[in-house]
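Report on the structure given below.
Convention: sequence-line order gives letters A, B, ...; per-chain numbering from 1.
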Amino acid sequence: VTVVTAEDLPAGVPPIPCRIPAHGDVTPFLQAPLAKEIIRYVGEPVAVVVAQTRALAEDAAEVVEIDWQPLEQVANVAAALTPNATEIHAAGNVATSWSINLGNVDEAFASAAVTIEHKFSTSRQTGLPLETRGLLAAYDAPRRQLEVHGPTKIPHTNRRMLSAMLKLPEGNIRFVEPDVGGSFGVRGEFYPEDFLIPWLAIRLRKPVRWIEDRFEHFSAINHSRQSELEVRAAADAKGNLTAFELRLTSDMGAYMRTHGDVVPSYIAAGFPGPYRVRNYRAQARSVLTNKSPTGTIRSPGTFEANFARERVIDMLASKLGIDAAEFRRRNLIRAHEMPWHVGTTGGGHPTTYDSGDFLAIFERALTEFDWDTQSEPLAGTLVAGRGISVSVEPSALGIFESARVEVDLGGHVRVVAGCTSQGQGQETSLAQVAAEVLTVPADRITVVHGDTGQIQFGGGTNASRSAVMAGNAVYAAATEVRKKAIRTAAQKLECAENDLTLRDGRVEIVGAPGSGLTLGETARLVAPGDHQLLISPGNTIIPDNDGLTATSDIRGVPSGTSVFAVHLAEVVIDRDTGQIQVKRILVACDVGRAINPMIVEGQLIGGVVQGLGFALLEEIGYDDQGQLQTATLADYLVPGAYDAPVVKAVLIEQARSPSNPLGVKGVGEVGPTGVGAAIGNAVANALRLQGGIDTLPLTPERIVAAAS
Amino acid sequence: MKPAPFKYFAPQNLDQAIELLTADDQARPLAGGQSLVPMMNFRLARPSALVDLNRIPELSSIREVDGALHIGSMTRQAALLASPLVRRLAPLVTDAIAFVGHPPTRARGTIGGSLANADPAAELPVVALALDAEFAVRGVGGDRVIHAGDFFKGMFETAIGHGELLTEIRIVPRLPRAGHAFLEFARRYGDFAIVSVAVNLRLENSDRCESSRIVLGGVGPVPVRCETVEEQLQGRVLNETTIDAGCGAIHADNIELESRGASRQYRLHLARVLLKRALQQARHFAKMNLQ
């Protein structure tokens, strides 16, 4: 049994860095791998116990004695912002603050026919992957090789961070992603354990395994969403939306982690949504509290912004006496106005909508839902209502992705991608991309991902990016392999490249099926030791040759791709108990181009169900002392199969994204993004209320309070 | 997620089990394990030993004895739910079991385990009190019977003494014109109730309420019998007015528990809403139940 504390850490080990541009310097607020002297949240690592079995380690952890001295707690943003508040860090309780000022907001409000002012809040939630975090690290000392199994999101990025913290070159570290079902933004970021476990493996010269239990998971994994949004909106008498104003306060927890302030940054940047509004002002603050630190979860920031904005849109429409659908029709950005620059930046990315006919998608969604047909009247204490959300979800963010396509001497194709998979089906969709280019069946292609030992560079899987980024990187590499195959075969067959084509996995003479060479035969012509072609026989040194293989990377577009989405929901509420039953819910979006429609549909349906958890059930609670109160799955409620209604996903391939050759848009986070907004509007509609429905999740108690 | 070290015994009969429990006051009997085992994994429960009752066949039975229903304490919840005998003699039990957990937990969970665990949000203690059930327990000194009103002592606390085991639950015969209802409100299907209500009443031939037992769950450390409501309904024809008056008689003092997302005020509100629906259902069943 070994126990280590902060005293044992290597001298000068830096804190865990922030990997995304923030609105200011977050260095004073970063977290060290182990707390020293001051503990800032329940769940902060203080000591590590290593033993031969988990049971023994838990026995040992019970006898670790910590000399605690209670400090004043700052359990919420109100307490953190009081003038004489206890300072959580020497640099204070406000990590970053910034503002946005577009157009002329004051003039718009002064000349408005109607205005709305309302405060909304979204509760603390998390991503809750089915598998908790886990790491297995082993160090081969003579070979100076550290192998780490467990990271699932951005292994190349995490490797770079670990390399810097351990002062061990990246080439001596291999990160391997295990097969897991879900990340949802939280699983696979760099946490204290991502330093501690590999470091202990080196220190102890023994493999070290760590798997957190659910209790630990709830207290230690990134939380998200906890924000207060004070919103003002203005419209003219004709129902034209003229201005938005937002005052945003986000509860970041006790430290700034790898995501920095990107969640509030997305809330503020994306707040105007799909509306043609040029007057927009925002003031935002990311505030520290004595709670678990935060990061992104699926639809980060957009879920919160969509809820507040779409509720306000309904309020404005109601005040003007205009139908909620009609009001949106009047104000959606028009197809001829694309690309639309909102004028903001979120997480360093400009908020730009690259393409799409929002109005056409909106009308299609209403038709698919049968929006204009009245629902059956209900008896007793039951009331029904419907709600709309329109939103734009950014996707495919990040500066690059890398992929390699290899054809071996037997003609088998292997795709190695820099992304990871947490169950999104990249093995299938990336194989499809390569299959189409190389004209071989997708089931003959092996896809490898999430392994830094297999490919030098990788962006990872986050921000709804794999189909776009890895998809196009694979497309680029496969296209390169195709060209190389044709060039090689042209030399062998002594014909022009234009006379050749690839068909059924053969480089064939156009119009002569079965002629030419198979891909395997072509690969043998350029294989080391056997290459007869492309390299003149006189050369003994052949630089940069790895056979019929190509490694390509693609540059990301700074603003990514953007997906316009419509969510429509119908609910039935028992006014007496506050129970909300979701009768049906629809999501419609412009996916640009679906590589695999079944995968896209599955992503959307799963996302909507997760969004229902965010809208109705999920809430991490802390008491006034900063004690976590929801540390089990009996307290933090997520929807299960019993709770899932019928979800209709309408995939529309309308406007191919101009940002990438395949024209795809990322849909991973479209599912949840408008669910809180659509459900909130449906509940308000059912209860014939405007105020009152302003806090997510919409718990039965909140509904009863609003209805009475 | 690993329990503190403990000893494990698997006795073959009741006497051995009682002997083991008597010898060690930190030992705990293991029934279905659906609550105790997770508590041990969290190290919130740390018994010195587990005395596994799953190999004692005499504890699993459902019998009719002179019109009364006798249920062995190790009878699985799934067996109760499927039993035509239980449905005939104590339909309130059948109705409530449908709300207890999910099929996999009911396949392991037992009636005795749930009652002896005495979780304030559990369904079966509420039903046992509404049916005025008798709890047969056995210790080294022999058998004794505890009435439902005396059984639940506090949160996770019962009148079962050191070295004693709950062996059987006995439910008195059901009478003509008796009506029942069990309703609960939970955030999701299968969760422990925020509030549950059990009604067990009997109507006179004139449709007046001859007697009733009305019990709330999830509102206090133990199931709460609403005697003020029972008195309010006694001798009255159950109609909109008398039912509303009865529901209004649930006193705010009856509601002691609160939690995140379910304040005392909301629980009181829910108790009244559920009781109203339960009384309407029980009245309907009583009128149908002529035997």
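Interface remark: B:S263 contributes backbone and side-chain atoms alike to the contact with chain A (heavy atom separation under 4.5 Å). In this structure, the portion of A:L616 lying under 4.5 Å from any heavy atom of chain B is its backbone and not its side chain. Interface remark: B:R272 contributes no atoms to any contact with chain A (heavy atom separation under 4.5 Å). Interface remark: A:S708 contributes no atoms to any contact with chain B (heavy atom separation under 4.5 Å). The contact between B:R188 and chain A is made by backbone and side chain atoms together, counting heavy-atom distances below 4.5 Å. Within the 4.5 angstrom heavy-atom criterion, only side-chain atoms of A:D574, from C-beta onward, approach chain B. For a residue to count as touching a neighbouring chain, one of its non-hydrogen atoms must lie under 4.5 Å from one of that chain's; by this rule B:F185 touches chain A with the side chain only. Heavy atoms of B:F192 lying under 4.5 Å from chain A are absent altogether. Contacts between A:T632 and chain B at a heavy-atom distance below 4.5 Å involve the side chain alone, from C-beta outward. Using a 4.5 Å cut-off between heavy atoms, A:E212 makes no contact with chain B at all. Proximity to chain B (any heavy atom under 4.5 Å) is restricted, for A:Q629, to the side chain, taken from C-beta onward. A:L56 does not touch chain B: none of its heavy atoms, backbone or side chain, sits under 4.5 Å away. Contacts of B:A186 with chain A are made by backbone atoms alone, with heavy-atom separations under 4.5 Å and no side-chain atom involved.
At most 12 heavy atoms of other shown residues, nucleotides or ligands fall within 6.0 angstrom of atom CD in B:Q265. More than 12 heavy atoms of other residues, nucleotides or ligands shown are found within 6.0 angstrom of NE2 on B:H102. More than 12 heavy-atom neighbours from other residues, nucleotides or ligands sit within 6.0 angstrom of CZ on B:R260. At most 12 non-hydrogen atoms from other residues, nucleotides or ligands lie less than 6.0 angstrom from CZ of A:F215. Within 6.0 Å of CZ on A:R214 lie more than 12 heavy atoms contributed by other residues, nucleotides or ligands. By the 6.0 Å contact criterion, CZ on B:R87 is open, its count of non-hydrogen atoms from other residues, nucleotides or ligands being 12 or less. Around atom CZ of B:R106, more than 12 heavy atoms belonging to other residues, nucleotides or ligands sit under 6.0 Å away.
Residues A:R54 and B:M1 share a closest heavy-atom pair of NH2-N, 4.1 Å. Of all heavy-atom pairs spanning B:A4 and A:D59, the tightest one is CA-OD1, 4.4 Å.
Using a distance-only test at 3.5 Å, with no hydrogens or angles considered, a donor-acceptor pair links the side chain of B:Y266 to the main chain of A:T577. A:R702 contributes no side-chain N or O that, together with a main-chain N or O of B:G261, makes up a donor-acceptor pair within less than 3.5 Å.
Looking at heavy atoms from C-beta onward, B:H269 lies out of side-chain contact with A:E701 at the 4.5 angstrom threshold. Between B:R277 and A:T381 the shortest side-chain heavy-atom distance falls below 4.5 Å.
A salt bridge is absent between B:R187 and A:D643: the closest approach of a Lys/Arg side-chain nitrogen to an acidic carboxylate oxygen does not fall below 4.0 angstrom.
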